[in-house]
Amino acid sequence: MKSRLIQASLKFRRMAMLAGRTSAVFLNKEMAGESVRLLGWVQTRRDHGGVIFVDLRDRSGLVQVVFNPDMADNGFALAEKLRSEYVVEIKGKVRLRPEGSENPNMQTGEIEVIAEELKILNRAKTPPFYIQDNIDVDESVRLKYRYMDLRRPDMLKVMFIRHKVMQLMRNFLDKQGFWEIETPILMKSTPEGARDYLVPSRVNPGCFYALPQSPQIFKQLLMVAGMEKYYQIARCFRDEDLRADRQPEFTQLDLEMSFIEMDDILPLMEDLITMIFKEIKGIDIPKPFPRLSYYEAMERYGSDKPDTRFGMELIDVAEVVRNSGFKVFTDVLAKGGRVKGICAKGCSNMPRREIDALTKFVSIYGAKGLAYIVWGEDGLKSPIIKFFTEEEINNLMATMGAEQGDIVFFVADKENIVHNALGNLRLELAKRLGLINPNAINCLWVTEFPMFEYDEEEKRYVAMHHMFTSPLDEDLGILETEPLKVRAKAYDMVLNGIELGGGSIRIHRRDVQERIFALLGMSIEEAKDKFGFLLEAFDYGTPPHGGLAFGLDRLIMILAGRDNIRDVIAFPKTQSASCLMSQAPSPVKKEQLKELHIKLDIKDKANN
RNA sequence: GGCCCCGUGGUGUAGUGGUUAACAUGCCUGCCUGUCACGCAGGAGAUCGUCGGUUCAAAUCCGAUCGGGGUCGCCA
């Protein structure tokens, strides 16, 4: 990875030179004897009484500056006053370090700068934590002093990668004929999907804008508008609970194209992503990416974003156990549920308490139990073995592909619970057993998502992707009769089990769109109220179109080898959606609320 | 909204009923001409997140609350 990144960073070093300033890591042996002007922060000061060493840090790296007592203008006395994070300007000469005092651990360790002039541009309070990599500091402290945290080389590197990726995307899409077009941040609240962030309108009392969950509707309107190829690096807002890979505001590479089908857009997106991995990491990802149907992904991996860097697939054992004497399994099957298992290779010596822990683990996902059979050195051991005949057991172990030394685990329940529980158990076991090669990059597409899911709470169908997603042509006939079987022209790109992006081919015919609205239990009037402008637009010559959006933060997270997206966002929010640095959100003055015609209805907390 | 983990000098930790609240690092002062996590000597720095309870006695036990993280639900 380094070569390309360093090549790229050379550019900003040249820029620095133009400003009459030299970046720290630009200095090298060949520059010995040259006069330079350095600007940056004091990393460390080592005061030996008669000589002072200062490691000067700028965005590019570190260089050692030497202060001797014979400096002009009292420079040495000034150097004695230097402290960590002071901002300084140093003029001096580059020279090779005396023999034996080179520092091979430092990129500029062969040289040093003899200071001739020192100017303290600004002093600094003692930093709350070290400005260096691999610090062990509570994240809340880092977030409170984010501007300090970002000075750390690790964080600078992440920000640089992020910048580069955005430039690569823009270049790539520009060359492909995409136009970068901005869409409104203040827009109309729409039903479905995530909870909106609302913004009150002062001039329209009682009315609210919503911040976009994504530019979805506008990008479709841009297709109606004949832009043909649009993209935007767009900020999106969703007022839902946070996770390690979810922030209330996040960034998407959003794009849309006219006159395309799935087979036009998927290869193009593969080109984009593989190019980025090549440029940033020097990794070649083979194309085309494998495609898995949603059905296959769920059946084999129990997930719509399968991590296929390892096997341990889910295996259906319904036919083997259907007529057995084990009521837990047979009852579930009789009620239309599923019984599936996974085989953990070489785990037969797993201690009982660990198996109990796994049982607890699957209960998180609603599984009522975790059946298991251990195939140890002295044969099979299991609390459930007594319910089966020998033939059934042999059959079961054969179906599971189990051998001596393995454990097989089973979950019996409703289909979604079985898949969710085993899918996550599979990942958990892989993590514990170290089955995942951390350097592997594994990309695939999941396609043929169902159009609808049934929402038990609302007692109606809801769109799985969104309500503008086109059904597969061959499934249009069963739209009203068997809606749950209708598949969508929707696709997700999955990278190492992380959903990187997703999109769909959109409905461009009004009649189909109205049938979808009807199925979602939305009357024409309601649809007109919510999306009238879009429906109306569709009447004026809408081209077939489709698109996709990538989660930029997640992509950067993977590229930078991080395990949460806070680390790749300059100023992220905490799990409670607040900013520890700026203290947002915060109460506002009564007058501000009054102007907005808003009265608060909360208990006692912060009621102005 | 549920479950789990965490909260002690600036930072990271130790301390599981009675301690002068310990250690490392950082910080301050002095000394030191080749260090690079410089070294040496000395010093300052903590109402143990907050509130309440139990107890003769609480950093320690209990309850609540606040803050941070993970996760389920939720969210593409």
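Each chain gets a letter, A, B and so on, in the order the sequences are listed, and its residues count up from 1.
G69(B) atom P lies 8 Å from atom CG of Leu242(A), rounded to whole Å. Rounding to whole angstrom units, CZ of residue Phe250(A) and P of A76(B) are separated by 8 Å. As a whole-Å value, the separation of Tyr294(A) OH from A76(B) C1' is 12 Å. Computed from coordinates, the Met464(A) CE to C75(B) P distance equals 12 Å when rounded to whole Å. Rounding to whole angstrom units, CZ of residue Phe76(A) and C1' of G34(B) are separated by 12 Å. Rounded to whole Å, atom P of G69(B) lies 12 Å from atom CZ of Arg243(A). Atom CG of Asn420(A) is separated from atom C1' of C75(B) by 14 Å (rounded to the nearest Å). Taking atom CD of Glu139(A) as the reference point, atom C1' of C6(B) lies 13 Å away to the nearest angstrom.
Of all non-hydrogen atoms in Arg146(A) and Ala570(A), the two that sit nearest each other are NE-O, 2.8 Å.
Nucleic acid contact class of Phe129(A) (heavy atoms, under 4.0 Å, all strands): none. Within the 4.0 angstrom heavy-atom criterion, base atoms lie near Arg246(A). Using a 4.0 Å heavy-atom criterion, one finds that Glu99(A) contacts no nucleic acid atom at all. Across all strands, Asn105(A) comes closer than 4.0 Å to no nucleic acid atom at all (heavy-atom distances). Arg57(A) comes within 4.0 angstrom of no nucleic acid atom, judged by non-hydrogen atoms across all strands. In this structure, Ser101(A) reaches the bases: a heavy-atom distance under 4.0 Å links it to at least one base atom across the strands shown. Among the atoms of the strands shown, only primed sugar atoms or phosphate atoms (P, OP1, OP2) are found under 4.0 Å from some heavy atom of Pro128(A). Residue Gly193(A) is in sugar-phosphate contact alone, with no base atom involved, counting any heavy-atom pair closer than 4.0 Å across all strands shown. Ile52(A) comes within contact range of no nucleotide atom at all, as no heavy-atom separation falls under 4.0 Å. Note on Arg97(A): a base of the nucleic acid sits closer than 4.0 angstrom, heavy atoms only.
One finds a side-chain N or O of Ser578(A) lying less than 4.0 angstrom from the OP1 or OP2 phosphate oxygen of G68(B). Within the structure, every side-chain polar atom (N or O) of Arg46(A) is placed at least 4.0 Å from both OP1 and OP2 of U35(B). Proximity of Gln575(A) to the phosphate of G70(B): a side-chain N or O atom is located under 4.0 Å from OP1 or OP2. Regarding contacts with the backbone of G34(B), every side-chain N or O of Asn68(A) stays at 4.0 angstrom or more from both OP1 and OP2. Look at Gln213(A) and you'll find a side-chain N or O under 4.0 angstrom from OP1 or OP2 of A76(B). At the phosphate of G26(B), neither OP1 nor OP2 sits under 4.0 Å from any side-chain N or O atom of Ser84(A). For Arg83(A) and G26(B), the shortest distance from a side-chain N or O to OP1 or OP2 is not below 4.0 Å.
Pairing of G43(B), defined by two Watson-Crick or G-U wobble distances under 3.5 Å, is identified with C27(B). Nucleotide A22(B): paired with U13(B) (Watson-Crick or G-U wobble, both distances less than 3.5 Å). Within the shown strands, C6(B) is the pairing partner of G67(B) under the Watson-Crick or G-U definition, both distances less than 3.5 Å.
Applying the 3.5 Å distance criterion, the base of G69(B) shares no donor-acceptor pair with the side chain of Arg566(A). Donor-acceptor pairing under 3.5 Å, judged by distance alone, is present between the side chain of Glu112(A) and the base of G34(B). No hydrogens or angles were tested; on distance alone, a donor-acceptor pair under 3.5 Å links the side chain of Asp241(A) to the base of G73(B).
If you take atom P in A22(B) and the same atom in G45(B), they sit 13 Å apart, rounded to whole Å. Spacing of C1' atoms, U16(B) relative to C48(B), comes out at 14 Å, to the nearest Å. The P atoms of G70(B) and C31(B) are separated by 49 Å, rounded to the nearest whole Å. Rounded to whole Å, the separation between the C1' atoms of C61(B) and U54(B) comes to 8 Å. Taking atom P on both nucleotides, G12(B) is separated from A44(B) by 24 Å, rounded to a whole Å. A gap of 24 Å separates the C1' atoms of U33(B) and C28(B), to the nearest Å. Comparing the C1' positions of G15(B) and A58(B) gives an interatomic distance of 13 Å, to the nearest angstrom. The same atom, C1', is picked in U19(B) and in U60(B); the two are 13 Å apart, to the nearest Å.
Considering Leu78(A), Leu38(A), Leu82(A) as possible partners of Val88(A), the one that fulfils the side-chain contact (heavy atoms from CB on, under 4.5 Å) test is Leu82(A).
Each of G34(B), C72(B), G12(B) was ranked by its minimum atom distance to the side chain of Pro98(A); first place goes to G34(B). Of the candidates C75(B), C36(B), G34(B), G34(B) carries the atom nearest the His48(A) side chain, counting heavy atoms from C-beta on. Of the candidates C38(B), C75(B), C27(B), the closest approach to any side-chain atom of Thr126(A) belongs to C27(B). Of all nucleotides listed (U13(B), C38(B), C72(B)), C72(B) comes nearest to the side chain of Tyr365(A). Relative to the side chain of Asp138(A), the nucleotides G68(B), C36(B), A76(B) differ in distance, and G68(B) lies closest. Closest to the side chain of Gln64(A), from the set G68(B), C36(B), G70(B), is C36(B). Considering only side-chain atoms of Asp304(A), the nucleotide from U71(B), A76(B), G12(B) that sits closest is A76(B).
For His48(A) and Phe53(A), the ring centers are positioned less than 6.0 Å apart. In this structure, Phe571(A) has its ring center at least 6.0 angstrom away from the ring center of Tyr147(A). You'll find the ring centres of Tyr454(A) and Tyr461(A) inside the 6.0 Å limit.
Residues Leu211(A) and Arg235(A) form no side-chain contact, since every pair of their non-hydrogen atoms from C-beta on lies 4.5 Å or further apart. Counting heavy atoms from C-beta outward, Thr574(A) and Leu143(A) have side chains that approach closer than 4.5 Å.
Note that CD of Gln247(A) and NZ of Lys573(A) are 7.0 Å apart. Values are rounded to the nearest 0.5 Å. Taken from NZ in Lys188(A) to CD1 in Ile217(A), the straight-line distance is 9.5 Å, to the nearest 0.5 Å.
Heavy-atom nearest nucleotides on RNA chain B were determined for Val137(A) and for Leu143(A), and the one closer to the 5' end corresponds to Val137(A).
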